[in-house]
Amino acid sequence: MAKEITNRAENYSQWYQDIVKKADLADNSAVRGCMVIKPNGYAIWENMRDQLDRMFKETGHVNAYFPLFIPKSFLSKEAKHVEGFAKECAVVTHHRLMNDPNGEGVIVDPESKLQEELIVRPTSETIIWDAYRGWIQSYRDLPLLINQWANVVRWEMRVRMFLRTAEFLWQEGHTAHATRQEAMEETLRILDIYAKFAEEYMAVPVIKGIKTENERFAGADETFCIEALMQDGKALQAGTSHFLGQNFAKAFDVKFVNDKNEEEFVWATSWGVSTRLVGGLIMAHSDDSGLVLPPKLAPVQVAIVPIPKPSPEIGEVAEKIMKALRDKGISVKYDKDDQKRPGFKFAEHELRGVPVRLGIGMRDLEKGQVEVARRDTKEKTFTPLVGVADYVANLLDDIQQNLFNRAKKFREENTTVVDSFDDFKAIVETPKEGMPESWGGGFLSAHWDGTTETELRIKELTKATIRCIPLDGDEEPGQCILTGKPSKRRVLFAKAY
RNA sequence: CGGGGCAUAGCGCAGCCCGGUUAGCGCGCCUGCUUUGGGAGCAGGAGGCCGCAGGUUCGAAUCCUGCUGCCCCGACCA
């Protein structure tokens, strides 16, 4: 059939792409590395955005908007920061086009060269801290808790729908604080929000941790992250929260006067999640029939399919069910297309990841029941029409929980404690039965001597990197799996997206 | 940015090696009839500058050169 998708175990990345395309989430665009997010995909992002926005506001943050363009000179003010992003910046050099004198369309007007070139933001620390200098004088101006929803551009070599695109949508929080401790608390508060969002809304279990120096955000003193495991045994960094210390305050000369009338540099954080989360959501739950969405983020939570086709009787019942569901805040769609047969609609709603499908036929009406199909397990059952809204509401909760439990069980089964480099290598390199051919090996918990040199050597030998030093990891003396040198605790390795 | 593959109707493909009338097939689309509890059947119909630009030839989807885009695998990254 036209809508068939590649088997997940056969070719994971093709499977992923098939879902993105056939569930109508996104399209490739005329510009390499950029994508068109279609209504179906954008609706998922909107749900994510709305929930996160709520959580940010509940913790005292406000939204603002800073410019897309950053003067080139700003990037170089923070040495590490420029090092991190220089290789992937789009640069605006001119501001005008003109008709080609040779009649070949338009060309860049050479007369319109900018005095100072502009960088399309890869992230906004620099332009925001330049603005903050003017906003902050006293400790009474702090903390400054600002978030922005924006697009950013990072000129990536290799792109993948949602997971890594040249332009992507995200939120970036940029906060300013009077003390180191306050800034650190903010960094961790946001990390908790991200973890809660991932687990409770995306139904994706995450490990909270600290990045190694090597994986740290350019310009940060400390980077915290949430890491999730995808169904092909590879890790996905789902969100980062950075403790920036006074690096940007010093680079942009942002000082404040404390309550003892002393001048100090401001302490900072920044944090973000992006449309990458949509990619993570797809890879965490979906199956060979298509997208599987957690009810809390699904644009359509319930689809009602008349069997065999719409009729006044069925329509009347469907209306009643829809009203009852909507009264409970459940989004529902009545599929009244009379050209398509039920089987087609079933497959279509499964492909699009609708969590619950209700089927109503004349037989059901006679018996006063509806057929209920859940997307996560594909189980079907019948429930009385009376009380169907309560039944569905409970079922949605159950699906949400089941997806999380399933993903968590998968992660637990694919997290291995390793004590020798041979075992480590074997786990990373050995394909796993029933799993995609590109199996990444899952999470590996192992000892590491704490040096970047060893980290890079392990990456070179196995392609696995240190995803994080888990926050809840216990101190446990041991020996580095590569060098045998002493280690205080285990860290989490994986092949990563 | 390196290595490999692909580019033919909206989507998926055949044809190309070995050049030769109107370029095929499946799905989708349009019309009609019959169907209808898991991707309907029949009949008719529309839809193509064969990725782009050059070249070879009487003649190019097919051969040659260059370009562009996409995919896979590496290096880089969220």
Side-chain angles (χ1 to χ4, degrees), chain A residues 1-6 11-14 16-18 21-22 24 27-35 83-89 122-123 152-172 194 211 214-218 220 223 225-228 235-242 270-280 289-290 305-311 314 337-351 357-367 369-371 373 378 380 382 437-438 456 459-460 463 465 467 496-497:
Chain A
M1 289 272 95
K3 290 282 191 177
E4 216 155 87
I5 60 179
T6 304
N11 186 339
Y12 191 81
S13 80
Q14 189 60 48
Y16 174 80
Q17 263 185 268
D18 284 354
K21 290 213 167 131
K22 292 178 177 161
D24 252 344
D27 257 351
N28 283 313
S29 80
V31 182
R32 187 194 132 73
C34 296
M35 64 174 171
E83 216 175 282
F85 287 106
K87 286 166 288 184
E88 49 188 20
C89 286
T123 178
V152 287
V153 169
R154 296 180 189 175
W155 215 261
E156 297 290 350
M157 298 296 186
R158 193 172 161 184
V159 293
R160 273 232 264 172
M161 294 271 201
F162 291 108
L163 294 175
R164 184 175 300 110
T165 45
E167 179 194 14
F168 57 89
L169 305 182
W170 76 346
Q171 62 62 219
E172 48 180 325
Y194 286 163
K211 285 292 188 191
N214 181 244
E215 298 271 336
R216 190 181 292 159
F217 171 72
T223 288
C225 62
I226 52 171
E227 294 282 332
L236 182 81
Q237 177 175 307
T240 49
S241 184
H242 313 291
S270 72
W271 27 275
V273 296
S274 71
T275 36
R276 169 176 250 207
L277 290 180
V278 177
S289 303
V305 177
I307 299 169
K309 62 179 177 183
S311 72
I314 294 172
D337 188 333
D338 61 359
Q339 296 302 307
K340 298 191 172 78
R341 304 176 74 192
F344 184 90
K345 294 178 180 177
F346 294 169
E348 194 73 6
H349 291 125
E350 277 162 14
L351 181 60
R357 185 184 72 237
L358 301 179
I360 313 174
M362 287 315 289
R363 267 186 245 158
D364 299 314
L365 292 188
E366 282 160 21
K367 294 184 192 165
Q369 65 179 22
V370 292
E371 183 191 65
K378 300 239 216 112
K380 288 201 283 199
F382 294 91
E437 90 298 345
S438 54
L456 292 175
K459 181 180 179 184
E460 204 179 304
K463 309 238 158 56
T465 52
R467 300 324 304 150
Y497 274 97

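Lettering follows sequence order; numbering is per chain, from 1. Just the heavy atoms: all of them, side chains too, but no hydrogens, waters or symmetry mates, feed the values below. None of these values were measured; they are calculated from a predicted model.
- Considering every non-hydrogen atom in both A:Leu163 and A:Arg276, the closest pair reads O-NE, 3.1 Å.
- Summarising the base pairing, B:G24 is matched to B:C13 through a Watson-Crick or G-U wobble pair whose two defining distances lie under 3.5 Å.
- In this structure, A:Thr240 reaches neither bases nor backbone, as no heavy-atom distance under 4.0 Å exists between it and the strands shown.
- With hydrogens and angles disregarded, no donor-acceptor distance shorter than 3.5 Å links the side chain of A:Tyr16 to the backbone of A:Asn11.
- Counting to the nearest Å, the P atom of B:C77 and the NZ atom of A:Lys463 are 15 Å from each other.
- A:Leu236 comes within contact range of no nucleotide atom at all, as no heavy-atom separation falls under 4.0 Å.
- As rounded to whole Å, 17 Å separates atom P of B:G28 from atom CG of A:Asp24.
- For the P atoms, the distance linking B:A7 with B:A14 amounts to 7 Å, nearest Å.
- B:U68 and B:A7 make up a base pair, with Watson-Crick or G-U wobble contacts both under 3.5 Å.
- The interatomic distance linking A:Phe344 (CZ) with B:A40 (C1') rounds to 12 Å, in whole Å.
- B:G2 is paired with B:C73 under the Watson-Crick or G-U wobble criterion, all donor-acceptor distances under 3.5 Å.
- The nearest whole Å value for the distance from the CD atom in A:Gln339 to the P atom in B:C27 is 18 Å.
- OP1 and OP2 of B:C71 both lie 4.0 Å or more from every side-chain N or O belonging to A:Ser13.
- Within the 4.0 angstrom heavy-atom criterion, no nucleotide atom of any strand lies near A:Asn11.
- Across all strands shown, B:C29 forms a Watson-Crick or G-U wobble pair, both distances under 3.5 Å, with B:G45.
- Atom pair A:Lys22:NZ and B:G39:P shows a separation of 19 Å (rounding to whole Å applied).
- Comparing A:Gly361 and A:Arg467, the nucleotide of RNA chain B nearest to each residue sits closer to the 5' end for A:Gly361.
- A donor and an acceptor atom never sit less than 3.5 Å apart when one is taken from the side chain of A:Arg341 and the other from the base of B:G37.
- Whole-Å rounding puts the A:Glu437 CD to B:C73 C1' distance at 12 Å.
- Shown here, B:C63 forms a base pair with B:G55; the pair counts as Watson-Crick or G-U wobble because both key distances fall under 3.5 Å.
- The same atom, P, is picked in B:G51 and in B:G12; the two are 14 Å apart, to the nearest Å.
- Put simply, the side chain of A:Arg154 never gets that close to the backbone of A:Glu88: no donor and acceptor are under 3.5 Å apart.
- Residue contacts shown for A:Phe168 include a base, since a base heavy atom lies under 4.0 Å away.
- Here, B:C16 and B:U62 have their P atoms 13 Å apart, quoted to the whole Å.
- At least one donor-acceptor pair closer than 3.5 Å links the side chain of A:Lys345 to the backbone N or O of A:Asp337.
- When heavy atoms are screened at a 4.0 angstrom cut-off, A:Arg357 is found touching base atoms of the nucleic acid.
- Atom P of B:U21 sits at a distance of 10 Å from the matching atom of B:A61, rounded to the whole Å.
- The residue A:Thr465 sits apart from the nucleic acid: no heavy atom pair falls under 4.0 Å.
- Separating the C1' atom of B:G19 from that of B:G55 is a span of 15 Å, rounded to the nearest Å.
- Residue A:Glu350 is classed as a base contact, given a heavy-atom separation below 4.0 Å to a base.
- Residue A:Arg158 places at least one side-chain N or O under 4.0 Å from the OP1 or OP2 atom of B:C73.
- Going from the P atom of B:G37 to that of B:G44 covers 26 Å, rounded to whole Å.
- At a cut-off of 3.5 angstrom, the base of B:C77 holds no donor-acceptor pair with the side chain of A:Arg154.
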### Task
Show the numbers, then the answer: is there a side-chain contact (heavy atoms from CB on, under 4.5 Å) between A:Glu215 and A:Cys225?
CA-CA 10 Å; A:Glu215 298 271 336; A:Cys225 62; over 6 Å; no
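- Put simply, CD1 on A:Ile314 and CD1 on A:Ile360 are 7.0 Å apart, with the number rounded to the nearest 0.5 Å.
- Taking the side chain of A:Glu371 as heavy atoms from C-beta on, and the options B:U36, B:G37, B:G38, the nearest nucleotide is B:G37.
- Annotation: B:U31 and B:G38 have their C1' atoms spaced 28 Å apart (nearest Å).
- Between the CD atom of A:Gln14 and the P atom of B:C73 there is a distance of 10 Å, rounded to whole Å.
- Between B:A53 and B:A43, the distance separating the two P atoms is 40 Å to the nearest Å.
- Side chain A:Asn28 to base B:G69: no donor-acceptor pair is found below 3.5 Å.
- Taking 4.0 angstrom as the limit, A:Gln17 places a side-chain polar atom (N or O) nearer than this to OP1 or OP2 of B:C72.
- Both A:Ser438 and A:Leu365 sit near RNA chain B, but only A:Leu365 has its closest nucleotide nearer the 5' end.
- With hydrogens and angles left out, the side chain of A:Lys380 and the base of B:G37 share no donor-acceptor pair within 3.5 Å.
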### Query
Can you list the steps and then say if A:Glu348 with A:Lys340 is a side-chain contact (heavy atoms from CB on, under 4.5 Å)?
CA-CA 10 Å; A:Glu348 194 73 6; A:Lys340 298 191 172 78; over 6 Å; no
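- Looking at A:Lys21, its side chain never comes within 3.5 Å of a backbone N or O of A:Asp27 through a donor-acceptor pair.
- Protein atom CG of A:Asp338 is 16 Å distant from nucleotide atom P of B:U35, rounded to whole Å.
- Looking at heavy-atom distances under 4.0 Å, A:Glu156 makes contact with a base.
- At a threshold of 4.0 angstrom between heavy atoms, the contacts of A:Lys378 with the nucleic acid are absent.
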